[in-house]
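As structure tokens, the structure follows; a few thoughts come after it.
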Amino acid sequence: MNSEFPPPLMVVIVGSGFAGIGMAIKLRQAGVNDFMILERAEGVGGTWRDNTYPGAGCDIPSPLYSFSFEPDFDWPRLFSAQADILRYQQHLVEKYRLKSQIRLNCEVKQANFDQTTALWTVQTSQGDLIRARVLVSATGQLNRPAYPKIPGLEAFQGQMFHSARWNHNYDLTGKRVGIIGTGASAIQFIPTVVAQADQVVLFQRTPPYILPKSDRAFTGRDRWLHHTFPVIRSLLRWRIYGSLELFGLAILKFRPLAAIVKEICLAHLWLRVRDPELRRKLTPTYPLGCKRFLVDSKFYPAVSQPNVQLVTAGIIQVGADDVQTDDGAKHRLDALIFGTGFAAQDFIAPMQIYGLKGQELNAVWREGASAYLGISVSSFPNFFMLYGPNTNLGHNSIIVMLESQIHYIMGAIATLQRSPDAFLDLKSEVQQRFNDRLQQSLHQTVWSGDCSSWYKNPNGKITNNWPGLATTYRNLTRNFDQQNYQLKLARSCLPSNILHDNVKFTI
Ligand code: NAP
């Protein structure tokens, strides 16, 4: 053992969003205290720290968009705003005394697995090397803003920013503002921009399906009831969970049910947008669910305002102070805001993770990311991912998925604690079989249909979504299935006569 290094930690977690915080809490509760969270930014919260655009919030109700083991929180509303979700995350950090184990402004550059010691060595932007038995990636799927590749963009002289990097110092009052995108983020900030700016030019490539949001404030009485009779809060959580799983069934299995949801979306549009031409432009023509359907009640009234121009012609060029579209129009602008989403298929990039035989994970994933249960990858021992490939949902709370994954990883960690010199390596045939079936199922889903979405990579492979219900995933991750892994001894613990590359010593 190298004496320059401090003793290895049990777990290093990369990222301090919901996933990293939840993992740390479960470690703490299991008595595993030698862990550290490495966070690239200057604060915790992940996507809820980054996305501060006006109107940012979650379209999943908070009683379900929160951890089941930490339900008692004074949510002001059913659907929470970004500031309240971030406050919840900060409350978790405080309550579970995580602060001293979070290192901020510390980006993980690289991690290498050493078979001799069965340890990960993590290199950080601060220049240290941290060793741990287990490496957990909790970096999320939506953390790197995607900017459109439009000719001339760099020549634009006005203000430009992405929804996830909102410039709060820029005053929109009296400005001509262009907005690119009409996805989940854009429809939340558009009403504020419309209220402040002089003119808004909204560049829409594909209209979304939007269900009305039935939000309401929690009263003092609600909060008292939830706090005093936790069963009421639990019932609310289960009711929300059940209805969202029903949406999942509509999208995934029972298309006649999807037809009903589609009619509700179209009726919502019809009621809120009275101008037939505008309504035509806002009517989606792809199957419901192919792109994420949205829940919101403010976008349609905003887009109907007289200071908004909805442009559906394609953008061809950006000039010094305008955007040109393929119908020959030039739209003069002072500012351009990108609601263009995230580089969601990059997963762990730009981190470089080196597993057995020096394989680098981004290189292994060149044709598209894949993993077993979205958690483990063969030849990357003792490495586990939260919200990894094919674990995004189109219909339910990602927190539910995270809890399933954390529970499963805790099972793996318990196994490793019982075998202090060993490491767990997923059997490659298990990963192959799992992904063959997964892709077959995905092929039958609405996501493989004719629409663009961040669920697919440029080759059309669906790398982000889980093809079933959250309940199915919960059942698959209920127990850590050790039989699907090889538990191997660190090379330094092997008798020298079997230290040979092609000899596997499996316990
Ligand atoms: P998004 O859903 O990927 O939407 C990006 C938008 O930008 C789309 O309308 C897209 O058009 C458009 N776009 C991208 N590149 C373009 C280009 N070159 N020219 C013209 N238009 C372009 O991104 P997002 O809205 O940031 O949402 C990402 C995900 O974050 C969501 O799906 C959701 O999972 C999560 N989110 C959740 C909430 C919530 O309430 N829970 C809120 C915000 C975000 P096309 O559709 O034609 O590609």
Side-chain angles (χ1 to χ4, degrees), residues 17-18 46-48 50-62 64-66 77-82 84-85 140-153 161-166 178-190 201-211 213 215 244 281-282 284-286 289-299 303 310-318 323-326 331 336-345 387 391-399 401 447 450-456 458 464-466:
F18 265 112
T47 199
W48 296 107
D50 291 344
N51 286 273
T52 61
Y53 59 79
C58 188
D59 60 11
I60 303 280
S62 295
L64 188 64
Y65 198 80
S66 50
R77 308 192 67 78
L78 184 61
F79 291 89
S80 289
Q82 172 265 343
D84 291 311
I85 300 171
Q141 296 190 8
L142 304 168
N143 60 46
R144 300 209 300 142
Y147 293 86
K149 293 181 182 63
I150 305 172
L153 201 57
F161 53 87
H162 189 277
S163 56
R165 302 286 181 271
W166 196 269
I179 296 171
I180 303 184
T182 47
S185 303
I187 65 152
Q188 291 186 338
F189 67 73
I190 283 167
V201 184
L202 179 53
F203 298 96
Q204 173 191 272
R205 203 162 55 180
T206 321
Y209 283 100
I210 308 180
L211 282 171
K213 190 192 243 184
D215 194 11
L244 292 180
K281 287 179 171 178
L282 289 166
T285 52
Y286 52 88
C290 188
K291 302 165 92 68
R292 190 179 187 275
F293 69 81
L294 310 179
V295 183
D296 173 88
S297 295
K298 294 183 179 162
F299 171 68
V303 86
L310 181 69
V311 175
T312 52
I315 298 172
I316 47 170
Q317 170 94 27
V318 175
V323 167
Q324 296 149 38
T325 44
D326 60 12
H331 304 274
L336 197 46
I337 305 178
F338 305 112
T340 44
F342 299 88
Q345 282 98 35
Y387 198 14
T391 61
N392 179 61
L393 296 177
H395 69 282
N396 208 327
S397 170
I398 194 60
I399 309 283
M401 297 295 270
W447 303 310
D450 189 16
C451 78
S452 69
S453 78
W454 61 267
Y455 304 157
K456 302 179 217 177
N464 292 66
N465 276 19
W466 172 246

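All ligand and atom numbering here is 1-based and tracks the order in the structure.
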Ligand 1 versus Q188: contacting region, heavy-atom distance under 4.0 Å: side chain
Best match, I150, I85, T182, L142: closest heavy atom to atom 8 (C) of ligand 1: T182
Test item: Y53 side-chain N/O and I190 main-chain N/O as donor-acceptor pair under 3.5 Å: no
F342, portion touching ligand 1 at heavy-atom distance under 4.0 Å: side chain
N or O contact, D59 vs ligand 1, cut-off under 3.5 Å: yes
Min heavy-atom dist Y53 to ligand 1 below 4.0 Å: yes
Whether F161 and W166 hold their rings parallel, tilted or perpendicular, with breakpoints at 30° and 60°: perpendicular
Neighbour count above 12 (heavy atom, 6.0 Å) for D326 CG: yes
Nearest non-hydrogen partners of P148 and I180, listed with the distance: CG-CD1, 4.4 Å
Closest protein heavy atom to atom 20 (C) of ligand 1, given as residue, atom name and distance to 0.1 Å: I180 CG2, 3.5 Å
Distance from atom 18 (N) of ligand 1 to nearest protein heavy atom, with residue and atom: P148 CB, 3.3 Å
Protein heavy atom at shortest distance from atom 12 (C) of ligand 1: G181 CA, 3.6 Å
Identity and separation of the nearest protein heavy atom to atom 23 (O) of ligand 1: G341 CA, 3.1 Å
Atom 4 (O) of ligand 1 - nearest protein heavy atom and its distance: G183 CA, 3.6 Å
Reference residue I187; test side-chain contact (heavy atoms from CB on, under 4.5 Å); the match among D296, V303, V295: D296
Subset of ligand 1 atoms that lie under 4.0 Å from at least one heavy atom of T206: 45 (P), 46 (O), 47 (O)
Residue K281 excluded, over 12 heavy atoms near NZ under 6.0 Å: yes
Under 3.5 Å: donor-acceptor pair, side chain of Q141, backbone of Y387: yes
Proximity to ligand 1 by part of K291, non-hydrogen separation under 4.0 Å: side chain
Option with minimal heavy-atom separation from atom 11 (O) of ligand 1, where the choices are Q141, R205, K213: R205
Near-ring test F79/Y65, centroid separation under 6.0 angstrom: no
contact_flag G57 ligand 1 heavy-atom lt 4.0 Å: yes
Close side-chain approach of V311 to T325, heavy-atom, < 4.5 Å: yes
Per-residue contact class, F79 against ligand 1 - non-hydrogen pairs under 4.0 Å: neither
Pair D215 + K298: basic N to acidic O under 4.0 Å: no
Polar proximity ligand 1 side, S185 side, N/O cut 3.5 Å exclusive: yes
Residue, atom name and distance, where the atom is the protein heavy atom closest to atom 37 (C) of ligand 1: A184 CB, 4.1 Å
Passing candidate, ring pair (Phe, Tyr, Trp, His ring centres under 6.0 Å) with F338, options F189, F203, Y147: Y147
R144: side chain to side chain donor-acceptor pair (under 3.5 Å) partners, not counting sequence neighbours: D346
Taking atom 7 (O) of ligand 1 as the reference point, the nearest protein heavy atom with its distance: G339 O, 3.2 Å
Closest protein heavy atom (residue, atom, distance) for atom 32 (O) of ligand 1: W454 NE1, 2.8 Å
